[in-house]
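Numbers for residues simply follow the sequence, beginning at 1. As the structure is a prediction and not an experimental result, all values here were calculated from the model.
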Amino acid sequence: MKKAIYIMMMLMALGLMTSCHSNEKNYRAAYEKAVERRKTGIGAEDFARIEAERQRYTHVINGDSVRMLYVNANVAIDSTDAVHDYNVVVASFTQRINAKSYRDRLREECGLAGSYVLFGGSDKKYFVVAEGFDNSGDAAAFIRDIDKKVCLKMLEPLPWILKKL
């Protein structure tokens, strides 16, 4: 009798351990629900127009079309380096820890020792800067060859230039 109870308890424990765990499929479903919730109240056509405007090229520099936004931003995370006027943004986050982690990965994995994080803008975001420049021509040239310099997946749809105000 003791043996039967022991076996039943082991089977129940094994069943509990295998039935309650997350997997990639669950995370993907939750992500897709969040994306759909973000689109709620906006038609597909309007959402596509908003996304196209968000990624629109705004300036032509030395024959290159680039997206440049003017943002009032400050150095956000432990950087003593001088911040440049033209900053090539490859990611933006709402949480400081995510921005710091991505910046550290740029420094370690891609060798971009000059990367830093800026904070600001109307939506109060942390912008991860791959490299900063003193003139717009150098920043546009960096964006032209960015695939060779940044080995990580860029989290922005297209890299863009943040012009500090």
**Q** Supply the atom-to-atom distance His84 NE2 to Leu162 CG, rounded to the nearest 0.5 angstrom.
**A** 13.0 Å
**Q** Give me the atom names and distance for the closest heavy-atom approach of Ala139 to Val88.
**A** O-CG2, 3.9 Å
**Q** Got Lys164 and Val83 here, is their nearest side-chain heavy-atom distance under 4.5 Å?
**A** yes
**Q** Please assess Val128 against Val89 for the test side chain to side chain contact (heavy atoms under 4.5 Å, CB included), listing each intermediate value before the final yes or no.
**A** CA-CA 6 Å; Val128 181; Val89 176; 5.9 Å; no
**Q** Quick one: name the residues clustered hydrophobically with Met8, using the 4.5 Å side-chain heavy-atom rule over I, L, V, M, F, W, Y, and just say none if it's on its own.
**A** none
**Q** Please tell me whether Tyr126 and Asn98 have a donor and an acceptor in their side chains that are separated by less than 3.5 angstrom.
**A** no
**Q** Just by modelled atom types, is the Leu152 backbone N or O under 3.5 Å from a matching donor or acceptor in the Arg105 side chain?
**A** no
**Q** Strictly distance-based, threshold 3.5 Å: is any side-chain N or O of Asp145 a donor or acceptor partner for the main-chain N or O of Lys148?
**A** no
**Q** Measure the spacing between OH of Tyr116 and CZ of Arg103 and express it to the nearest 0.5 Å.
**A** 12.0 Å
**Q** When you group the ILVMFWY residues by side-chain heavy-atom contacts below 4.5 Å and let the links chain together, are Phe119 and Ile97 in the same group?
**A** no
**Q** With rounding to the nearest 0.5 Å, note down the distance linking CG in Leu118 to OG in Ser92.
**A** 11.5 Å
**Q** Quick one: do Glu131 and Leu112 satisfy side chain to side chain contact (heavy atoms under 4.5 Å, CB included)? Show the steps, please.
**A** CA-CA 7 Å; Glu131 198 72 43; Leu112 295 171; 3.8 Å; yes
**Q** Quick one: side chain to side chain contact (heavy atoms under 4.5 Å, CB included) partners of Glu32, sequence neighbours excluded?
**A** Arg28
**Q** Starting from the C-alpha separation in whole Å, work towards a yes-or-no answer on side chain to side chain contact (heavy atoms under 4.5 Å, CB included) for Val90 and Leu106.
**A** CA-CA 10 Å; Val90 292; Leu106 280 174; 4.0 Å; yes
**Q** Locate the shortest heavy-atom distance separating Cys110 from Lys149; write the atom from each residue and the value.
**A** CB-O, 3.9 Å
**Q** Does the structure place the NZ or CZ of Lys163 under 6.0 Å from the centre of the six-membered ring of Tyr86, at an angle of no more than 45° from the ring's axis?
**A** yes
**Q** Give me the atom names and distance for the closest heavy-atom approach of Phe127 to Gly120.
**A** CE1-O, 3.5 Å
**Q** Step by step, would you call Ile161 with Asn87 a side chain to side chain contact (heavy atoms under 4.5 Å, CB included)?
**A** CA-CA 5 Å; Ile161 299 173; Asn87 305 282; 6.0 Å; no
**Q** Nearest 0.5 angstrom please: Met154 CE to Tyr102 OH, how far?
**A** 7.0 Å
**Q** Rest of the hydrophobic cluster containing Ile7 (Ile/Leu/Val/Met/Phe/Trp/Tyr, side-chain heavy atoms under 4.5 Å)?
**A** Leu11
**Q** So which atom in Val66 and which in Ala140 form the shortest heavy-atom distance, rounded to 0.1 Å?
**A** CG1-CB, 4.1 Å
**Q** Measure across Cys151 and Glu109 and return the closest heavy-atom pair with its distance rounded to 0.1 Å.
**A** SG-O, 3.3 Å
**Q** Would you compute the distance between atom CD of Glu108 and atom OG of Ser115 and round it to the nearest 0.5 angstrom?
**A** 10.0 Å
**Q** Nearest 0.5 Å, what's the CG-CG distance between Leu69 and Leu165?
**A** 10.5 Å
